[in-house]
Visitor: 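This is the structure I want to talk about, given as structure tokens.
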Amino acid sequence: MSELSKAYAPADVEASWYARWVDSGCFTADPSSTAPSYSIVIPPPNVTGILTLGHVLNNTLQDILARRARQTGHEVLWLPGTDHAGIATQTVVERQLRKEEKKTRHDLGREAFLKKVWEWKEKHGGIIIGQLKKLGASCDWSRERFTMDEAYARKVQEVFVDLHGKGLIYRGKRMVNWCPVSLTALSDEEVIPKKQKGYLYHFKLEVVEAPGTWLEIATTRPETIMGDTAVAVNPKDQRYAHLIGKHVRRPLPLDVEVQLPIIGDEAVDFEFGTGVLKVTPAHDKTDYEIGLRHNLPVIDIMNADGTLNDLAGEGFAGLDRFEARVEAVERLKELGLLTREEPHENNVGFSERADVPIEPRLSEQWFLKYPKTVEARDAVRNGLIRFFPKRWEKVYDHWLENIQDWCISRQLWWGHRIPVWYAPESSGEGPRIQIESPGEGWIQDPDVLDTWFSSWLWAHDTMDEAVRAKFYPTSVLVTGPDIIFFWVARMIMAGLEYTGEIPFRDVYFTGIIRDKQGRKMSKSLGNSPDPLDLIAKYGADGLRFGIIRVAPQGQDIKFDEKQIEEGRNFANKLWNAARFREMQGPCNPSPDPAGLPLPDIAIHLLHRFDTMHAALCGAYADYRFHEVAGLLYDFFWGDYCDWFVEAAKPILNGSDEQAKNAILTVMDATLSGTLRLLHPLMPHVTEELWKRLGFQAPASASGSGERAGLLLYTVPPAEKLLNLPETEITAASTRTTALYTAIHAARNLRAEFKIPSQQQVRFLLAPKEEIHDSRRAIFAGLTRASGLEILDKMPPAGTPSVVTDLGTIYMPLEGLVDLDAERKRIAAEITKVEAELVKVEAKLADTSFVEKVPANVLEDHRQRREKWSEKLETLKTTLQGLG
RNA sequence: GCGCGAUUAGCUCAGCGGUAGAGCGCUUGCUUCACACGCAAGAAGUCACAGGUUCGAACCCUGUAUCGCGCACCA
């Protein structure tokens, strides 16, 4: 074995291990396995996508779960894939087409354009998959899926036909959210409300039947006046009720003279604006509904791209809607009708993808009345599906309670084409809902389906019969709360409808990663670091560990590169601890500390490991990943490196071979144990060290032998490194804690007296009880002292001292005794101890405390009082000794 | 308007009834024979505010404030 280098260099290690895992087929799920199954379907990233920190978090969590499940003896399927992402992908390819060939998709025609998109997909679609591999994702790549795979696409169309047959899908002319840039309808979920600063324009109109009476109207959209077909007031509004039935003259367009009826409708809020509403049925959802109630004509004055059409009249036709707004205000001014422009903030719906205000538009679309809404709601309400964190259950429930039909058709080309065929003109037949063409002359619906209409089948239609039999329902879904409606809720409904089962047992919602200012990471802000750069700089393991460690359950994460640096540092710490072990000679491949004469520090360490392991199992059960990371970090860095290894050095440098051997075995057991438990989080470095140090799975473990390596090592659920009677463990732990605390106190004493680290000192101990030589050696080693000698006569008055659980420790400083300084120091210490003592005593003096408190807490307080008063006594004696 | 979250050390955040924690940053000392991506020591907090419950509250309850998110409204 080559010697380990001084600093861990992740790049080569990570690449070579990943290749070995894939080659050995370790990630490939076996549907015929008899082991219990564990499965996850990846939230398919967009084919256009590149890896973001959000993906890193999300997929690291899934990888941890997958690898942990392998370790706990499961047959694991982590099914990967990508999403065709209709609008996003089409937009990217169209942009490229415009840039490189100065053409639009219409110049190419549907077929040629789609060919381009497929070419683009073949070329770029694998990027994000490659990036996931760099991260170490243990997906079953042999089962990679794409939402436009032939088989999958067929399922999507079958579902459409089926739901249509059940009467749940229908076509209708409705008010939809129209994106004037993408030129397609959108679902309600794709509309993002944004606060906008604008104006509320007030203008007045004279009542035709009552000259001299004016109605003042407030609107944020004067550019739609040309589409107005009524003016509405609330019939209960005393100010205006008497005018209902009369008319006003519509001011625009100038060359068309139209009288609008004044109608009464309950939907008008008389608190808002002037209490008079202009009604534009073609360009506002509420107005459209009012129009239906009052049988109003509908005048559509806009083109699909948000420009105004000829019905808007002279001077407006051809203008963009926002230019038209300015123009309309000008005209009203000229007419002397504009009375006021009042600054006004309102919410405007923006298209999620194109980031422009959507336009309410009347159009013919396909809609879905969701299936299994009640069952889907109950599945979560009744705990059949569990959400982590639980609070999202309420959000989910609320959405399902108020669910609206889903507009599923999109006026795009890239996607699953709607399986509806229209008859040749002459035939007079109605449309047919089927996948294959009914024959010559039939024309397929030009629209495609909303991307989510394919994603909602992801949990089951990515699997074939055999795989589904073994791995469906899946174990857990790991995703962001931002797609709880888009995806999670819909998948639950689809699962219930098409498999009769829930698609997953648990849903873990990650937090959202934000920048230092708390803003969402986004391409446009340029505030999202490239994870590949971070991997290059800190290693995939460093990135994974760093991000997991700061990602508490469901809380948003403010990203700071420092966090990743910590992850890298931890990998390096691990590396160097292994390096140190390697320098002591070969490791025991299957170390077992049982039966060895273990010193206290070893018992203490092994017990700490077992305690940590138990806590870790609990943390996994509730998906508290950051706790898993924290436990391993604290145990390894603190308990193992800082204390145990340092304390063991005197023994390792000593001559007692038996003691040395015991220490090395304990190190091997702890190191290999840590590598195993850490593997799901930092797979590459742990695998590398496992191999380099020569550890092996015991023969009893499944996936045994050298072939499998760490990836397939099965950790027994209740594995313990230490099997000793409880009393023995407690005694050894107490002694070790006392020793370590004393060491800390002595180091503090050194620092206070500014003894340089390299300078040796002597410590003298007035022991409280017998103390073994080996413990004194440890003490000396960790305090850089020549020794801890047992006091035979009192040192000179004023010798710095500290009271510890081992006894009082003196640090003789020849010729440097400063009585006054020492007096002050002790006095300060007394003040502190007294304060603690007062607190404890006050509690114990309180009868209701003593009566009501649980026994263990009471005992705890009593011991504390004991300890503090003992310490106080010693300190007082010392102070007296100083004269 | 309704709902949800956050408010703890300079920063980023854990903790969520029984002696206030971590990492970073800061101060001091260390090229100590695994690691300066390190070691040791230290300073630093009325746990947003006001009430309440409790023997005991950062933690539970009620309210307030500030920030953020979602839903609804949005003329």
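The chains referred to below are lettered A, B, ... by the order of the sequence lines, with proteins before strands, and numbering in each begins at 1. Atom set for the values below is all heavy atoms of this structure, side chains included, hydrogens, waters and symmetry mates excluded.
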Visitor: Tell me, with the steps shown, if A:Val685 and A:Val13 meet side chain to side chain contact (heavy atoms under 4.5 Å, CB included).
Guide: CA-CA 7 Å; A:Val685 68; A:Val13 170; 5.6 Å; no

Visitor: Reckon A:Pro481 touches a base, only the sugar-phosphate, or nothing at all at heavy-atom distances under 4.0 Å?
Guide: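 Nothing, no heavy atom under 4.0 Å.
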
Visitor: Expressed as a whole number of Å, how far does the C1' atom of B:G42 sit from that of B:U54?
Guide: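 Going atom to atom, C1' in each nucleotide, I get 37 Å.
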
Visitor: In whole angstrom, give me the gap between the P atoms of B:A58 and B:C16.
Guide: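 Result for the P pair: 14 Å, nearest Å.
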
Visitor: How would you list, by chain and number, every residue that makes a salt bridge (Lys or Arg N to Asp or Glu O under 4.0 Å) with A:Asp237, sequence neighbours excluded?
Guide: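 Partners of A:Asp237 by the salt bridge (Lys or Arg N to Asp or Glu O under 4.0 Å) criterion, ordered by chain and then number, come out as A:Arg239.
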
Visitor: Select one nucleotide: of B:C55, B:A72, B:U19, the one nearest the side-chain heavy atoms of A:Trp868.
Guide: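 Given the options B:C55, B:A72, B:U19, the side chain of A:Trp868 is closest to B:U19.
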
Visitor: Holding to ring-ring contact (aromatic ring centres under 6.0 Å, His included), I want the full list of residues that pass it with A:His684, two or more places apart in sequence or in another chain.
Guide: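 Result, ring-ring contact (aromatic ring centres under 6.0 Å, His included) vs A:His684: A:Trp21.
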
Visitor: Not counting sequence neighbours, which residues clear salt bridge (Lys or Arg N to Asp or Glu O under 4.0 Å) with A:Glu342? List them please.
Guide: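 In terms of salt bridge (Lys or Arg N to Asp or Glu O under 4.0 Å), with neighbours along the sequence ignored, A:Glu342 is linked to A:Arg340.
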
Visitor: Which nucleotide in the list B:C55, B:A36, B:C74 gets nearest to the side chain of A:Lys6?
Guide: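 Shortest atom-to-atom distance from the side chain points to B:A36.
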
Visitor: Give A:Arg784 one of three labels, base, sugar-phosphate or nothing, depending on what nucleic acid heavy atoms sit under 4.0 Å from its own.
Guide: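 Base, at least one base heavy atom under 4.0 Å.
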
Visitor: If you pin A:Val857 and A:Gly275 to their nearest nucleotides in RNA chain B, which one's is more 5'?
Guide: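 Going by which nucleotide is closer to the 5' end, it is A:Val857.
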
Visitor: Would you call the rings of A:Tyr199 and A:Tyr201 parallel, tilted or perpendicular, where under 30° means parallel and over 60° means perpendicular?
Guide: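 Tilted: the ring planes of A:Tyr199 and A:Tyr201 meet at 30° to 60°.
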
Visitor: Side chain to side chain donor-acceptor pair (under 3.5 Å) with A:Arg293: which residues, sequence neighbours excluded?
Guide: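 A:Asp265.
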
Visitor: Could you tell me how far B:C49 sits from B:U7 if I compare only their P atoms? Round to whole Å.
Guide: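 Comparing P positions in B:U7 and B:C49 gives a spacing of 13 Å.
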
Visitor: Tell me the interatomic distance from A:Arg692, atom CZ, to B:A34, atom P, rounded to whole angstroms.
Guide: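 Going from A:Arg692 (CZ) to B:A34 (P), I get 18 Å.
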
Visitor: Who pairs with A:Lys194 by salt bridge (Lys or Arg N to Asp or Glu O under 4.0 Å), at least two apart in sequence or on another chain?
Guide: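 A:Lys194 satisfies salt bridge (Lys or Arg N to Asp or Glu O under 4.0 Å) with A:Asp355 once adjacent residues are dropped.
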
Visitor: Using a 4.0 Å heavy-atom cut-off to protein, can you give one letter per nucleotide of nucleotides 38-48 of chain B, 5' to 3': B if the base is in contact, S if only the sugar-phosphate is, - if neither?
Guide: SSSSS------

Visitor: Using the P atom as the reference point in each nucleotide, state the distance between B:C13 and B:A6 in Å, no decimals.
Guide: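 Their P atoms lie roughly 12 Å apart.
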
Visitor: Considering only B:C35, B:G3, B:C13, which nucleotide approaches the side chain of A:Lys558 most closely?
Guide: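 My answer, after comparing the listed nucleotides, is B:C13.
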
Visitor: Write down the distance between CG (A:Asp287) and P (B:C73), rounded to a whole number of angstrom.
Guide: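 To the nearest whole Å, that distance equals 14 Å.
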
Visitor: Taking atom C1' of B:A34 as reference, at what distance in whole Å does atom CZ of A:Arg581 sit?
Guide: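 The answer, rounded to whole Å, is 13 Å.
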
Visitor: Reckon A:Thr286 touches a base, only the sugar-phosphate, or nothing at all at heavy-atom distances under 4.0 Å?
Guide: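 Sugar-phosphate contact only.
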
Visitor: Look at the side chain of A:Arg568 against the base of B:C37 and say whether a donor-acceptor pair falls under 3.5 Å; ignore hydrogens and angles.
Guide: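 By the distance-only test, yes, there is a pair.
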
Visitor: Would you kindly give the NZ-to-P distance between A:Lys194 and B:C74, to the nearest whole Å?
Guide: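 The distance from NZ of A:Lys194 to P of B:C74 comes to 20 Å, rounded to the nearest Å.
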
Visitor: Pull out every residue in residues 834-846 of chain A that has a heavy atom closer than 4.0 Å to any atom of RNA chain B, ordered by number, or say none.
Guide: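 Here the set is A:Glu836, A:Asp846.
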
Visitor: Tell me the side-chain hydrogen bond (donor to acceptor under 3.5 Å, both in side chains) pairs involving residues 219-233 of chain A, sequence neighbours left out?
Guide: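 Output for this query lists A:Arg221-A:Glu223, A:Arg221-A:Glu359, A:Glu223-A:Arg325, A:Thr224-A:Lys278, A:Asp228-A:Lys278, A:Asp228-A:Thr280.
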
Visitor: If the P atom of B:G5 is compared with that of B:C60, how far apart are they to the nearest Å?
Guide: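 It comes out at 11 Å once rounded to the nearest Å.
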
Visitor: Looking only at the side chain of A:Ala7 (C-beta and beyond, no hydrogens), which of the listed nucleotides B:G18, B:C37, B:A34 gets closest?
Guide: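 The nucleotide sitting nearest to the side chain is B:C37.
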
Visitor: Whole angstroms only, please: what is the CG-C1' distance between A:Asn177 and B:C74?
Guide: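 Rounded to the whole Å, the gap is 14 Å.
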
Visitor: Just call it for A:Asp284: base, sugar-phosphate, or nothing, with non-hydrogen atoms closer than 4.0 Å on any strand.
Guide: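 The answer is sugar-phosphate, as A:Asp284 gets under 4.0 Å only of primed atoms, P, OP1 or OP2.
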
Visitor: Parallel, tilted or perpendicular: which fits the ring planes of A:Tyr633 and A:Phe570, with parallel below 30° and perpendicular above 60°?
Guide: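 Ring orientation, 0 to 90° scale: tilted.
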
Visitor: If you only use heavy atoms from C-beta on, which nucleotide in B:G18, B:C74, B:A34 is closest to the side chain of A:Lys649?
Guide: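 Comparing B:G18, B:C74, B:A34 against the side chain of A:Lys649, the answer is B:A34.
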
Visitor: If we take the P atom in both B:G70 and B:A48, what is their distance in whole Å?
Guide: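 Comparing P positions in B:G70 and B:A48 gives a spacing of 25 Å.
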
Visitor: Under a 3.5 Å cut-off on both pairing distances, which runs of 3 or more consecutive Watson-Crick or G-U pairs involve RNA chain B?
Guide: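 So the stems come out as B:1-7 with B:65-71, B:10-13 with B:21-24, B:26-30 with B:38-42, B:48-52 with B:60-64.
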
Visitor: Using the P atom as the reference point in each nucleotide, state the distance between B:G23 and B:A40 in Å, no decimals.
Guide: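 To the nearest whole Å, 10 Å.
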
Visitor: Could you check whether A:Lys562 gets within reach of a base, just the sugar-phosphate, or nothing at all, counting any heavy atom under 4.0 Å?
Guide: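 Sugar-phosphate: the residue A:Lys562, judged by heavy atoms under 4.0 Å, touches backbone atoms but no base.
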
Visitor: Distance-only criterion, 3.5 Å: show the donor-acceptor pairs between side-chain atoms of residues 832-842 of chain A and protein atoms not counting sequence neighbours.
Guide:
none

Visitor: Using side chain to side chain donor-acceptor pair (under 3.5 Å) as the criterion, list what pairs up with A:Glu271, not counting sequence neighbours.
Guide: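 A:Glu271 satisfies side chain to side chain donor-acceptor pair (under 3.5 Å) with no residue once adjacent residues are dropped.
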
Visitor: With RNA chain B as reference, determine whether A:Lys394 or A:Ser848 sits nearer its 5' end, using the nearest nucleotide of each.
Guide: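 This one resolves to A:Lys394.
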
Visitor: Base, sugar-phosphate, or nothing for A:Leu200, non-hydrogen atoms under 4.0 angstrom?
Guide: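 Touches sugar-phosphate only.
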
Visitor: Give the rounded distance in Å between these two atoms: CD1 of A:Ile557 and C1' of B:A6.
Guide: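 Roughly 14 Å, once rounded to whole Å.
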
Visitor: Counting only heavy atoms from other residues, nucleotides and ligands, does the tally under 6.0 Å from CD of A:Gln584 exceed 12?
Guide: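 More than 12 heavy atoms, drawn from other residues, nucleotides or ligands, come within 6.0 Å of this atom.
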
Visitor: Could you work out the separation of B:C71 and B:U62 based on their C1' atoms and round it to a whole Å?
Guide: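 Going atom to atom, C1' in each nucleotide, I get 25 Å.
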
Visitor: Look at the side chain of A:Tyr633 and decide which nucleotide, out of B:G18, B:A72, B:G23, has an atom nearest to it.
Guide: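 Closest of the options to the side chain of A:Tyr633: B:G23.
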
Visitor: Over how many whole Å does the gap from A:Phe272 atom CZ to B:C74 atom C1' extend?
Guide: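 Distance check: A:Phe272 CZ to B:C74 C1' gives 7 Å.
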
Visitor: Before giving the answer on side-chain hydrogen bond (donor to acceptor under 3.5 Å, both in side chains), spell out for A:Asn177 and A:Asp188 the whole-Å C-alpha distance, their side-chain angles and the decisive distance to 0.1 Å.
Guide: CA-CA 7 Å; A:Asn177 308 299; A:Asp188 295 343; 2.9 Å; yes

Visitor: Calculate the interatomic distance between A:Tyr396 atom OH and B:C4 atom C1'; express it in whole Å.
Guide: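 Rounding to the nearest Å, OH of A:Tyr396 and C1' of B:C4 are 18 Å apart.
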
Visitor: Filter on salt bridge (Lys or Arg N to Asp or Glu O under 4.0 Å), then keep only pairs touching residues 628-647 of chain A, sequence neighbours left out; what's left?
Guide: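 Residue pairs with at least one partner in residues 628-647 of chain A: A:Arg608-A:Asp639, A:Glu646-A:Lys649.
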
